[in-house]
Amino acid sequence: MSTACLPTVAYLSPRAVADRLGLKKTATVLAWIRAGHLLASNVGAGSDRPTWRIAASDLDAFLERRRAVPAAKPAPTTKRKRPEGVTKYF
């Protein structure tokens, strides 16, 4: 069986993800993984500590889900017109 047709996927460590996003600590990336917000694979099976790897496509999907959408501008308000023939006393 040939493995030549398998696609290659780029994987990033939590440190690489933190560096790419400009974060000072990897703890933020690890918290996203533990909370289930960022998909990751544990490639360190059999050890006491997990060794997480994040697919570049999963990171892109995570960032797309967190993208801020600009709020719609409120409809302009019109100044209320005073009915004709009404006298203002105050």
Side-chain angles (χ1 to χ4, degrees):
M1 181 156 88
S2 174
T3 59
C5 62
L6 292 177
T8 57
V9 179
Y11 287 97
L12 304 166
S13 67
R15 174 79 268 167
V17 171
D19 289 343
R20 184 179 277 193
L21 297 179
L23 302 173
K24 294 180 181 179
K25 298 179 180 182
T26 59
T28 304
V29 177
L30 295 173
W32 290 336
I33 292 169
R34 281 191 297 275
H37 300 298
L38 178 60
L39 296 177
S41 299
N42 181 9
V43 296
S47 66
D48 293 339
R49 293 179 62 182
T51 304
W52 296 109
R53 293 295 177 260
I54 300 102
S57 59
D58 289 336
L59 177 61
D60 292 340
F62 169 76
L63 293 174
E64 187 63 32
R65 285 191 308 269
R66 293 178 62 94
R67 181 176 297 228
V69 178
K73 290 184 179 180
T77 57
T78 57
K79 191 172 182 180
R80 191 171 171 186
K81 294 181 181 179
R82 183 177 303 143
E84 292 183 27
V86 176
T87 308
K88 183 176 179 183
Y89 292 103
F90 298 99

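Scope of the values below: all heavy atoms of this structure, side chains included, with no hydrogens, waters or symmetry mates.
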Tell me, which pairs form a salt bridge (Lys or Arg N to Asp or Glu O under 4.0 Å) where one or both residues lie in residues 60-78, sequence neighbours left out? E64-R67

Could you work out, with ring-ring contact (aromatic ring centres under 6.0 Å, His included) as the rule, every residue matching W52, not counting sequence neighbours? none

Qualifying residues under side-chain contact (heavy atoms from CB on, under 4.5 Å), relative to A55, sequence neighbours excluded: V9, Y11, S57, D58

Side chains of residues 29-44: which donor-acceptor pairs under 3.5 Å do they make with residues two or more places apart or in other chains?
from, atom 1, to, atom 2, distance (Å)
N42, OD1, G44, N, 3.0
N42, OD1, T51, N, 3.0

By salt bridge (charged side-chain N to carboxylate O under 4.0 Å, His left out) - contacts of R20 (at least two apart): none

